[in-house]
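I have placed the structure first, in the form of structure tokens, so that the comments after it can refer back to it.
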Amino acid sequence: MPANFLSQPLPFQKRPLKEPPVTALREHLEATGGEIESWLAELALHHSVPARTPDMVRLLEDAFGKSADVKFRQLRLGRRVEVLVVALDGMAGDALLNDFVLRPLLERAPTTSPATLARWLDGPGLPEGTVRPVHDMGRVVESVLDGYALLHVDGLARAWVVEVREFEHRSINDPATEGTVGGPRESFIEVLRVNTAAIRRRVRSSLLRVDELTAGRISRTRVAVLHITGRADPGTVAEVRRRLAAAPWDMVFSEQQVEALLEDRSLSFFPQVRTTERPDVCAAALSEGRVVVLVDGTPFAVIVPLQFWDLLQSPDDYYLRWPFATTLRLLRLGAVLLMTLGLPFYVAISTYNQELIPREFLFSLAASREGLPLPTVVEALGLALFFDLIREASTRLPRQIGGALTIVGGLVIGDTAVRAGLVTAPTLIIIGASAVGAFVVPAFTTAIPFRIMNYVLLIAAATLGLFGLAMASLVLVAHMASLRSLGVPYLAPIAPMRPRGQEDVLIRAPWLIQKGQPPLIGTDQKGGARAPASGRRP
């Protein structure tokens with residue numbers, strides 16, 4: 001038998017088909033054609049508006065290609081005037097375009113000469129919408145993509161854009177992730193201008209600034225940066241604008257991308273910006289000197305700078321009486337400590353430091369672990385992973401099924417595991433309490449870093465006992481103290497200690513005590529301007 005017999009293909013095996021030269025040539029031509037089309041589109045944006053309508057149509061076709069949603073319509077007014085109307089189907093409203101652009105042009109526009117029509121358009125010609133002249137093709141294409149209608153008069157080297165934007169969007173609903181007992185029932189939607197108007201209704205001040213810029217080389221997504229001048233730190237505002245303008249992606253469509261741009265230490269588990277879908281939360285943040293970023297196409301706003309204590313605060317704290325709000329804040333802090341340290345502390349004392357356990361409880365614990373095949377750390381890790389699986393599954397199932405799955409998984413399976421002798425009842429109780437503590441935190445994303453830290457501390461406690469748990473906790477607190485959110489210490493005003501602002505951190509003081517303006521994030525405790533945030537990112 002030849003040595004290479006096994007390497008030869010069998011008769012029934014198919015040999016790889018060789019690509020015919022015609023197919024390779026066709027693919028090469030298509031790729032070249034795509035590059036030429038992209039080059040022509042970029043080149044068209046750098047032209048000025050031509051005077052002749054055929055040249056205008058050619059440049060627009062180079063910019064948009066043969067897109068089916070770009071509608072061209074040529075109108076002849078009298079014998080000497082020709083007007084080109086261009087609109088994007090689905091972005092420009094048909095009723096607005098017909099009633100406030102086409103009908104006035106056909107019924108009332110002067111038809112003596114192009115210059116006369118230009119003066120009519122510059123004056124009170126069109127009864128509705130914002131009309132402004134443009135002279136370069138880049139502004140023309142950008143306006144059409146935003147939903148404006150384009151008017152070009154043959155013989156004039158300029159064009160006009162008319163605001164007739166009207167597109168479908170969902171109605172304003174209750175907040176889905178930040179529900180409250182009191183307060184407004186209004187959330188953001190995916191339309192940028194609706195979101196800025198929702199904030200304007202709450203901050204009726206001329207000092208509120210709404211700056212718009214575009215992010216994404218291809219998507220050209222509109223991003224709004226909101227701040228109150230005189231309260232927000234100018235260095236922070238400038239740094240936010242700089243980072244958003246330097247977005248390295250072709251497509252910007254998510255608030256998480258903005259969060260990645262505004263974080264100083266992206267490798268940290270802890271969030272350094274806050275996301276919310278409530279306009280009232282954004283209004284309160286603006287009054288404190290923070291900066292709000294809104295992205296067109298997403299119903300969430302990004303708030304910077306962030307302090308750790310903001311993650312433990314809920315909008316309900318400001319719609320309840322101060323004793324109840326203070327109690328709830330302390331309860332949330334206790335829930336975070338239980339969620340992070342509860343299970344590691346139990347593993348440490350039950351494995352290495354049994355002398356800290358009361359005698360009665362120690363006898364009960366020893367009796368419950370009699371005959372158990374698994375050590376405590378493996379039992380705790382397995383149950384913690386199982387509860388995290390149930391929690392993740394319940395968030396991705398319909399609401400009618402998610403609640404039933406949580407009850408079945410937590411009660412039936414847990415009780416069955418105890419009866420089968422796989423886990424002990426104390427471990428199941430502690431893990432259940434830790435799982436409930438994760439739901440006490442107002443924001444879902446806030447609990448994720450503490451759930452991750454729970455596993456790290458659990459391994460440290462299983463390795464070195466209480467000493468390992470204390471050292472790991474010290475490293476965790478030191479890491480949190482070293483974090484900064486655009487120049488603001490993460491644990492301020494507790495670390496470093498600042499007298500101002502203590503009335504609204506762990507406690508929520510009565511409104512009469514907070515009758516003055518809130519402590520500003522953008523200024524230090526003496527009232528001076530804070531140092532600008534550093535642009536250096538690790």
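Within the 3.5 Å criterion, the main-chain N or O of Val161 finds no donor-acceptor partner in the side chain of Arg132. Ser266 places no side-chain N or O within donor-acceptor distance of the main-chain N or O of Ala260, the cut-off being under 3.5 Å. The backbone N or O of Asp264 lies less than 3.5 Å from a partner atom in the side chain of Gln272, making a donor-acceptor pair. Between the side chain of Arg290 and the main chain of Pro305, a donor-acceptor pair closer than 3.5 Å is present. Of the possible polar contacts, one joining the Thr276 side chain to the Arg278 backbone as a donor-acceptor pair under 3.5 Å is found. Using a distance-only test at 3.5 Å, with no hydrogens or angles considered, a donor-acceptor pair links the side chain of Arg243 to the main chain of Leu262. Looking only at distances, a side-chain donor or acceptor of Arg508 sits under 3.5 Å from a matching main-chain atom of Leu320. A donor-acceptor pair under 3.5 Å links the side-chain atoms of Arg200 to the main chain of Leu208, judged by distance alone.
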If you apply the rule salt bridge (Lys or Arg N to Asp or Glu O under 4.0 Å), what do you find for Lys71 with Asp94, and how did you get there? CA-CA 11 Å; Lys71 303 300 182 182; Asp94 294 336; over 6 Å; no

Can Val57 and Gln74 be said to form a side-chain contact (heavy atoms from CB on, under 4.5 Å), step by step? CA-CA 10 Å; Val57 173; Gln74 295 189 12; 4.1 Å; yes

Any chance you could lay out the side-chain contact (heavy atoms from CB on, under 4.5 Å) test for Leu328 and Asp316, step after step, and finish with the verdict? CA-CA 9 Å; Leu328 290 178; Asp316 259 334; 5.6 Å; no

Run the numbers on Thr196 and Arg193 for side chain to side chain donor-acceptor pair (under 3.5 Å), then give the verdict. CA-CA 5 Å; Thr196 57; Arg193 189 57 62 226; 3.0 Å; yes

Assess the residue pair Val70 and Leu60 against the criterion (side-chain contact (heavy atoms from CB on, under 4.5 Å)); give the C-alpha distance rounded to whole Å, side-chain angles, the decisive distance to 0.1 Å, and a yes or no. CA-CA 9 Å; Val70 181; Leu60 290 174; over 6 Å; no

Take Ser143 and Leu150, measure what side-chain contact (heavy atoms from CB on, under 4.5 Å) needs, and give me the verdict at the end. CA-CA 8 Å; Ser143 300; Leu150 171 68; over 6 Å; no

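Across all their heavy atoms, Ser48 and Met137 have their closest contact at O-CG, 3.9 Å. The shortest non-hydrogen separation linking Ala438 to Ala447 is O-CB, 3.7 Å. Nearest heavy-atom pair across Pro110 and Trp120 is CD-CG, 3.4 Å. Between Leu145 and Phe64, the shortest heavy-atom distance links the atoms CD2-CE2, 3.6 Å. Asp154 approaches Pro114 most closely through the heavy-atom pair O-CG, 3.7 Å. Contact between Asn98 and Pro104 at its shortest, heavy atoms only, is O-CD, 4.4 Å.
For the pair Tyr318 and Val281, the minimum side-chain heavy-atom distance is 4.5 Å or more. Between Phe188 and Ile199 the shortest side-chain heavy-atom distance falls below 4.5 Å. The side-chain heavy atoms of Met56 and Val140, taken from C-beta on, include a pair separated by under 4.5 Å. Residues Asp310 and Glu288 are not in side-chain contact: their nearest non-hydrogen atoms beyond the backbone lie 4.5 Å or more apart. Taking 4.5 Å as the limit, every side-chain heavy atom of Thr221 sits out of range of all side-chain heavy atoms of Met251. Using a 4.5 Å heavy-atom threshold, the side chains of Ser485 and Phe270 count as separate. Under the 4.5 Å side-chain criterion, counting only non-hydrogen atoms from C-beta, Val223 is in contact with Val293. In this structure, the side chains of Leu59 and Pro50 come closer than 4.5 Å at one or more pairs of heavy atoms.
With rounding to the nearest 0.5 Å, the separation of CG in Leu312 from CG in Leu506 is 8.0 Å. The CZ atom of Arg329 lies 9.0 Å from the OG atom of Ser314; values are rounded to the nearest 0.5 Å. Considering CG of Leu261 and CD of Glu239, their distance stands at 11.0 Å, rounded to 0.5 Å. With rounding to the nearest 0.5 Å, the separation of OG1 in Thr53 from NE2 in His152 is 5.5 Å. Considering CG of Leu105 and OG1 of Thr111, their distance stands at 12.0 Å, rounded to 0.5 Å. In this structure, CG in Asp317 is found 8.0 Å from OG1 in Thr326, a value given to the nearest 0.5 Å.
More than 12 heavy atoms of other residues, nucleotides or ligands lie within 6.0 Å of CZ in Arg451, so this atom counts as buried by the packing criterion. The neighbour count for Arg80 CZ, taken as heavy atoms of other residues, nucleotides or ligands under 6.0 Å away, does not exceed 12. Counting non-hydrogen atoms of other residues, nucleotides and ligands closer than 6.0 Å to CZ of Phe72 gives a total above 12. The environment of Trp322 atom CH2 is sparse: at most 12 non-hydrogen atoms of other residues, nucleotides or ligands sit within 6.0 angstrom.
Partner of Leu244 under the side-chain contact (heavy atoms from CB on, under 4.5 Å) criterion, chosen from Val302, Val258, Asp211: Val258.
Between Phe308 and Tyr490, the ring planes lie tilted relative to each other; the angle falls in the 30° to 60° range.
Side chains of Thr298 and Glu255: a donor-acceptor N/O pair is present below 3.5 angstrom, by distance only.
Between Asp296 and Arg220, no side-chain nitrogen of the basic residue sits less than 4.0 Å from a carboxylate oxygen of the acidic one, so the salt-bridge criterion is not met.
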